Amino acid sequence: DAGVTQSPTHLIKTRGQQVTLRCSPKSGHDTVSWYQQALGQGPQFIFQYYEEEERQRGNFPDRFSGHQFPNYSSELNVNALLLGDSALYLCASSFTGANVLTFGAGSRLTVL
Amino acid sequence: AQSVTQLGSHVSVSEGALVLLRCNYSSSVPPYLFWYVQYPNQGLQLLLKYTTGATLVKGINGFEAEFKKSETSFHLTKPSAHMSDAAEYFCAVSGYTNAGKSTFGDGTTLTVKP
């Protein structure tokens, strides 16, 4: 049983570019949450998707957007990249109403 | 609003010694509390969780934590450290309505000396 899978694992972009990160949730899970983990810090909640809609959002600018597809997979898009967007981006999935998250290994974004 | 404070960004113990990682939280609603472990270049793995009921929670790999409402604490302990326990540990809090929106502490790096 595959857990949460994320792609790509590593990527390098330059300031001003746009990036798309992808996440496939654990089998049976229908809710996806995205987190940003800067170096030396804990993960920070970006947003959560359920039934193809953004349900909750953390304190992140509109440059961060997402999407959830009918098969529950999700994308995180970041526009106009800044140096400060360099981080590990974690996807976590869960089943609606459950209180346990399953995390993927993350996508490490470096912005030069 | 919720917040988590992990006291001590680095903790070093000898193999076989007690592990104690401290976590204090703030929450305006009854909290769900979690401890996660993160190994280098990996995602987060759930060690244990408190939702309701028994305040002493047992997790994987011999870890346990006790929810103390009066002290707003959820400290993580393990009686005897093993070399494989060296990792970064995160305490997190969420409201009971949505565990997907969790607030994490800044983490504690555990070093285990032989």
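This structure is a prediction, so every number in the text was calculated from the model and none was measured.
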| task | Give, for atom CD of A:Q37 and atom CG of B:D106, the distance between the pair rounded to the nearest 0.5 Å. | result | 10.0 Å
| note | When the 4.5 angstrom heavy-atom criterion is applied to B:E88 and chain A, the contacting part is neither
| message | Checking an interface table here. Which of residues 11-22 of chain A come within a heavy-atom distance under 4.5 Å of chain B? | response | none
| request: Select one option (side chain, backbone, both, neither) describing which atoms of A:I46 are under 4.5 Å from chain B's heavy atoms. | output: neither
| request: Please state whether the side chain, the backbone, both or neither of B:S102 comes within less than 4.5 Å of a heavy atom of chain A. | output: both
| query | In this structure, are over 12 heavy atoms from other groups packed under 6.0 Å from A:Y72 atom OH? | reply | no
| field | Part of B:K101 within contact of chain A (heavy atom distance under 4.5 Å) | value | both
| message | Counting only non-hydrogen atoms closer than 4.5 Å, does B:L46 touch chain A with its backbone (N, CA, C, O), its side chain (CB onward), both, or neither? | response | side chain
| remark: Bottom line for A:Q44: the part with an atom under 4.5 Å from chain B's heavy atoms is neither
| task | Could you tell me which portion of A:Q41 (side chain, backbone, both or neither) has an atom closer than 4.5 angstrom to a non-hydrogen atom of chain B? | result | both
| request: State the CD-CG distance between B:Q42 and A:L88, to the nearest 0.5 angstrom. | output: 11.0 Å
| Near-ring test A:F103/B:Y36, centroid separation under 6.0 angstrom | yes
| query | Which atoms form the tightest heavy-atom contact between B:G43 and A:L90, and what is the distance? | reply | CA-CD2, 4.2 Å
| So what's closer than 4.5 Å to chain B heavy atoms on A:Y35: side chain, backbone, both or neither? | side chain
